[in-house]
Amino acid sequence: MDSRDEQPDASVATGRPLDRRAELSEFLRTRRARLKPEDVGLAAFGRHRRVPGLRREELAQLAGVSVAYYTRLEQGNGRNVSAEVLGSIARALRLTDAEHAHLTHLAKPKAHKKKPAARQQQVRGALRQLLDTMEGVPAYVVGRRSEILAWNRMAAALFGDWGELPPGERNWARLVFLRPAYRELFVDWEQKAIDIVCALRMDAGCDPDDARLSALVGELSVKSEEFRRLWATHDVKEKNHGVKHLHHPLVGDLALNFESFRLTDGSEQSLVTYHGDPGSPSADSLRLLASWGADATRAATR
């Protein structure tokens, strides 16, 4: 196996832990702003509304709570809020399951031991062996902060040999936002960028004290205008399967099905695989890449 337009917020840019109260406040505000009265069956009285989306009093009415109570929550004060009230607010805001979970993490954080800052994420030996046996399937393990932890020979052929990068650069967020080659690899680069930012937002909601994540967000906020724009949306979602369209420098266009399997061992890691439809040109191209292995990208460059 080959495994080896807004200005950035000051606390993010310096890598300090994220402010959970501010995160809760902005998340609720942006979710409320995306809803229109007619979306939730309310009459839009008045020709001019001073705020985008629903007003606080309208949201409070839909959720069945007082305006004062909801206002305190949107100001970042989630102390003593119940799961039932959060559920009512989530329904009123039309939140997805991932967004509801994110809201709960922000408003009712679980007490947990801080992870040692210097501790590296480890991949189990049996999982590394599994990657090696998946000879015709590009596969890798991704952990917290979008870090690429282990991969097989086919993943190196498809995405480039990550073993040539310093360990700190083996990170999907850094690759997609800071390396031009990945803009060319992903046909829908914008969607790939959105998926990464949404995943980082969920990580931040689960552990806002993660100094490495804060440092990563700060670095990308300074270096990438696109990242700043997407981070400011406060969007969260989980995307566990779908189709990715790639333009590989050696074999050209590929349409590959991807599956992401969250490990249940508490490691906060996922196994991600790609495959082409049987008999398709993309499946044939993967077989060609398999013959090149990690040399595929270098051969295309030459």
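The residues of the chain are indexed from 1 along the displayed sequence. Heavy atoms only: backbone and side chains are in, while hydrogens, waters and symmetry mates are out.
- In this structure the side chain of Leu271 never reaches within 4.5 angstrom of the side chain of Tyr140, judged on heavy atoms.
- Asn152 contributes a side-chain N or O that, together with a main-chain N or O of Met134, makes up a donor-acceptor pair within less than 3.5 Å.
- Contact detail for Leu165 and Arg179: the closest heavy-atom pair is CD2-NH2, 3.4 Å.
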Worked verdict on Asn240 versus Glu259 for side-chain contact (heavy atoms from CB on, under 4.5 Å): CA-CA 6 Å; Asn240 299 320; Glu259 301 284 344; over 6 Å; no

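- The six-membered or imidazole ring of His102 lies near that of Phe27, with a centre-to-centre distance under 6.0 Å.
- Rounding to the nearest 0.5 Å places CZ of Arg174 at 7.5 Å from NZ of Lys223.
- In this structure, CG in Leu185 is found 5.0 Å from CG in Leu246, a value given to the nearest 0.5 Å.
- Counting heavy atoms of neighbouring residues, nucleotides and ligands inside a 6.0 Å radius, atom CG of Asp97 does not exceed 12 of them.
- Side-chain atoms of Phe227 and Val217, non-hydrogen and from C-beta on, do get closer than 4.5 Å to each other.
- Of the charged side-chain nitrogens involved, at least one lies within less than 4.0 Å of a carboxylate oxygen, so that Arg32 and Glu74 count as a salt-bridged pair.
- Proximity of a side-chain donor or acceptor of Ser285 to a complementary backbone N or O of Pro281 within less than 3.5 Å is detected.
- One finds a salt bridge joining Glu99 and Arg34 here, because a Lys/Arg side-chain nitrogen approaches an Asp/Glu carboxylate oxygen to under 4.0 Å.
- Within the 4.5 Å cutoff, the side chain of Glu238 has heavy atoms near those of the Met202 side chain.
- Ser214 approaches Pro208 most closely through the heavy-atom pair OG-O, 4.1 Å.
- Residues Trp189 and Phe177 place their aromatic rings such that the two centres sit under 6.0 Å apart.
- Using a 4.0 Å cut-off between a side-chain N of Lys or Arg and a carboxylate O of Asp or Glu, Glu190 and Arg229 qualify as a salt bridge.
- Listed for the Ser221 side chain is no donor-acceptor partner under 3.5 Å among the backbone atoms of Arg228.
- Contact annotation: the side chain of Leu256 approaches that of Leu158 to within less than 4.5 Å [non-hydrogen atoms, C-beta and beyond].
- At distances below 3.5 Å, not a single donor-acceptor pair connects side-chain atoms of Glu169 with backbone N or O atoms of Pro166.
- Distance check: Glu57 CD to Thr71 OG1 gives 8.0 Å after rounding to the nearest 0.5 Å.
- Here the closest non-hydrogen pair linking Ser25 and Gly76 is CB-N, 4.1 Å.
- Under the rule for a side-chain hydrogen bond (donor to acceptor under 3.5 Å, both in side chains), the partners of Ser146 that lie at least two apart in sequence or sit in another chain are Asn171.
- Minimum interatomic distance between Gly205 and Leu106 (heavy atoms only, all atoms of both residues): CA-CD2, 3.9 Å.
- Val243 and Val187 fall into different hydrophobic clusters, where Ile, Leu, Val, Met, Phe, Trp and Tyr are joined by side-chain heavy atoms under 4.5 Å apart, directly or via other members.
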Let me see the working for Asp277 and Asn257 under side-chain contact (heavy atoms from CB on, under 4.5 Å), right down to the final yes or no. CA-CA 8 Å; Asp277 289 334; Asn257 305 294; 2.9 Å; yes

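- A heavy-atom distance below 4.5 Å is found between the side chains of Leu73 and Leu28.
- Atom CG of Leu127 and atom CD of Gln122 lie 12.5 Å apart (nearest 0.5 Å).
- Under the 3.5 Å distance criterion, the side-chain polar atoms of Ser280 are left unmatched by any main-chain donor or acceptor of Gly276.
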Checking salt bridge (charged side-chain N to carboxylate O under 4.0 Å, His left out) for the pair Asp161/Arg153: CA distance, chi angles, key distance, verdict? CA-CA 9 Å; Asp161 189 0; Arg153 184 172 177 270; over 6 Å; no

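- In this structure, Lys239 places its NZ atom where more than 12 heavy-atom neighbours from other residues, nucleotides or ligands lie under 6.0 Å away.
- Contact of the Phe159 side chain with the Leu175 side chain is not registered, since no non-hydrogen atoms from C-beta on lie closer than 4.5 Å.
- Side-chain contact check for Leu220 versus Val197: every heavy-atom pair is 4.5 Å or farther apart.
- Checked for salt-bridge contact, Asp203 and Arg212 miss the test: no charged N lies under 4.0 Å from a carboxylate O.
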For Ile89 and Leu62, what are the C-alpha separation, side-chain angles and deciding distance, and is it a side-chain contact (heavy atoms from CB on, under 4.5 Å)? CA-CA 8 Å; Ile89 292 173; Leu62 289 170; over 6 Å; no

Begin from the C-alpha positions of Glu23 and Arg201 and carry the test side-chain contact (heavy atoms from CB on, under 4.5 Å) through to its verdict. CA-CA 10 Å; Glu23 292 291 304; Arg201 269 288 178 199; 2.2 Å; yes

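- Note that OG of Ser282 is 10.5 Å distant from CZ of Arg287, once rounded to the nearest 0.5 Å.
- For Asp195 and Lys237, the salt-bridge test passes: some basic side-chain N is under 4.0 Å from an acidic carboxylate O.
- Between Ile196 and Trp172, the shortest heavy-atom distance links the atoms CD1-O, 3.6 Å.
- With 3.5 Å as the limit, one finds no donor-acceptor pair spanning the side chains of Gln121 and Gln269.
- The line from CZ of Phe261 to NE2 of His241 is 10.5 Å long, rounded to the nearest 0.5 Å.
- The nearest pair of heavy atoms linking Ala92 to Leu59 is CB-CD2, 3.9 Å.
- Here the side chains of Leu103 and Leu24 are in contact, with some heavy-atom distance below 4.5 Å.
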